[in-house]
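The structure appears right after this line, and notes come after that.
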There are 2 protein chains.
Amino acid sequence: MTAKTKKQIVIEAAAKLFSDKGYSAASMRELAGRVGLEQASSLYNHIKSKEAALQEICFENAQKFTDGITTIESNISDPGEQIRALINLHIQVATNDITSVTVFNDEWRHLSEPQLSEFLALRKDYEERFKEIINKGIKTGTFKNINPTVALHTILSALKWIHYWYKTGRDSDLEIVKKDIMLLLMSGLSSND
Amino acid sequence: MTAKTKKQIVIEAAAKLFSDKGYSAASMRELAGRVGLEQASSLYNHIKSKEAALQEICFENAQKFTDGITTIESNISDPGEQIRALINLHIQVATNDITSVTVFNDEWRHLSEPQLSEFLALRKDYEERFKEIINKGIKTGTFKNINPTVALHTILSALKWIHYWYKTGRDSDLEIVKKDIMLLLMSGLSSND
DNA sequence: CCTACCGATCGGTAGG
DNA sequence: CCTACCGATCGGTAGG
């Protein structure tokens, strides 16, 4: 449990600020104020640039998802259980550091090249591996014969609201949310019995 | 079929620009260029301000959803069919004017008061009415006993990826997308037979 | 629709 | 970490 470096404090405050205002509307002067510095120029002792902060946030979160899916691929073989584990991964990452994942979700497009292409390649790789699991489930008869691309994006998109929920309402328990998202995505809204 | 006014052309180009770069990163100079004006100042003959363009886009789309749910409430009574109609409404609105609904989804937070509160009230109203339908379905046994807030946001969020799909891949037919989103949300990923 | 222009604010650097 | 500062760009106005 080492103390946070000032750089870490700045990056975390940047994530919060980018999440509050959006990357473009966030100013380095406001960021300075939020970490107790009088001058924006002082920030440059801790980070290289505004975009460097964005890069760090985006790639750190990409790493979490890549690591997560790698673990799931190696340790679980049933596609149904793999999807459940992936849903759990998304909920876990989102609730563990909500502001950071919000920036990862919504602000990555402000990356400039070559980081933008690098980021999109990581995302593409993740999506392909996720889709491969869906494909396997369809082939083995575990899943319905749904277009895998449609299923992939519907599920990924459904998992994104978690960060919205966590920021605002939070009127329900995390365990209920987890259970019900999983139920809805795996078995649907309609009652069958 | 009257000709588009220059104002309409400007608003549509603004929607595209806001969707491409985000509201804050979009400049009036670039907007002018996109509609064939040499000077940003010329834009102000057609719109009052940058934010006025955003307001128009956001409230126009809010209206579409409000009108849609009103029609569904009056003409359909079965909650299962109502949810199917709502899913269809979201897909219809998104595919009919994809850039406009993207701005509506992602850029509303740049509205300033009092429009921001007004917009959020409209959204809240829509969500409450959507949730009421879910509640009714649960009470009548048509739907599973899922937390209605969780179901609401999971479904709404799942429907948002349609604008992402429409912009990028579009490797599958709209009818397949519609059918499979509906199947996934109503009956889930798992095969039951 | 253009010319001319303005005050405000931006991200960032030099130097200590 | 601050002082001092810079060039660029921003949304918008006045006037024709």
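Naming: A, B, ... by sequence-line order, numbering from 1 per chain. The structure displayed is predicted, hence computed values, not measured ones.
When only modelled atom types and interatomic distance are considered, B:Q92 and B:N96 share no side-chain donor-acceptor pair under 3.5 Å.
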Item to check | Dot-bracket summary - DNA chain C, pairs being Watson-Crick or G-U whose distances fall under 3.5 Å, with | when paired to another strand | outcome: ||||||||||||||||
Checklist outcome for this item: For nucleotides 9-16 of chain D, 5' to 3', base contacts (B), sugar-phosphate-only contacts (S) and non-contacts (-) with protein non-hydrogen atoms under 4.0 Å give -BBBB---
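Rounded to whole Å, the distance from CD on B:E38 to P on C:dC2 is 5 Å. As rounded to whole Å, 9 Å separates atom P of C:dC1 from atom CG of B:L43. Between B:L37 atom CG and C:dC1 atom C1' the separation is 7 Å, expressed in whole Å. With rounding to whole Å, A:Q39 atom CD is found 5 Å from D:dT3 atom P.
Under the side chain to side chain donor-acceptor pair (under 3.5 Å) criterion, B:S112 pairs with B:E51, not counting sequence neighbours. Take A:K179 and apply the salt bridge (charged side-chain N to carboxylate O under 4.0 Å, His left out) test, not counting sequence neighbours, and it matches no residue.
Under the 30°/60° scheme for interplanar angles, the aromatic rings of B:W108 and B:F119 are found to lie parallel. Aromatic ring orientation, A:Y126 versus A:F65: perpendicular (interplanar angle above 60°, classes split at 30° and 60°).
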Next on the checklist: Determine whether A:K178 and A:E175 satisfy the following criterion, salt bridge (charged side-chain N to carboxylate O under 4.0 Å, His left out), listing intermediate values before the conclusion.
Outcome noted: CA-CA 5 Å; A:K178 217 189 262 186; A:E175 287 309 312; 3.8 Å; yes
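Separation of atoms NE2 (B:H153) and CG (A:D180) is listed at 13.0 Å; rounding is to 0.5 Å.
Contact of the A:L185 side chain with the B:L189 side chain is not registered, since no non-hydrogen atoms from C-beta on lie closer than 4.5 Å.
Each salt bridge (charged side-chain N to carboxylate O under 4.0 Å, His left out) pair with one or both residues in residues 30-43 of chain B, not counting sequence neighbours, appears once here: B:D20-B:R34, B:K21-B:E30, B:E30-B:R34.
Note on A:E128 versus A:K124: salt bridge recorded, some NZ/NE/NH1/NH2 to OD/OE distance being below 4.0 Å.
Contacts with DNA chain C (heavy atom under 4.0 Å) in residues 5-15 of chain B: B:K6, listed by number.
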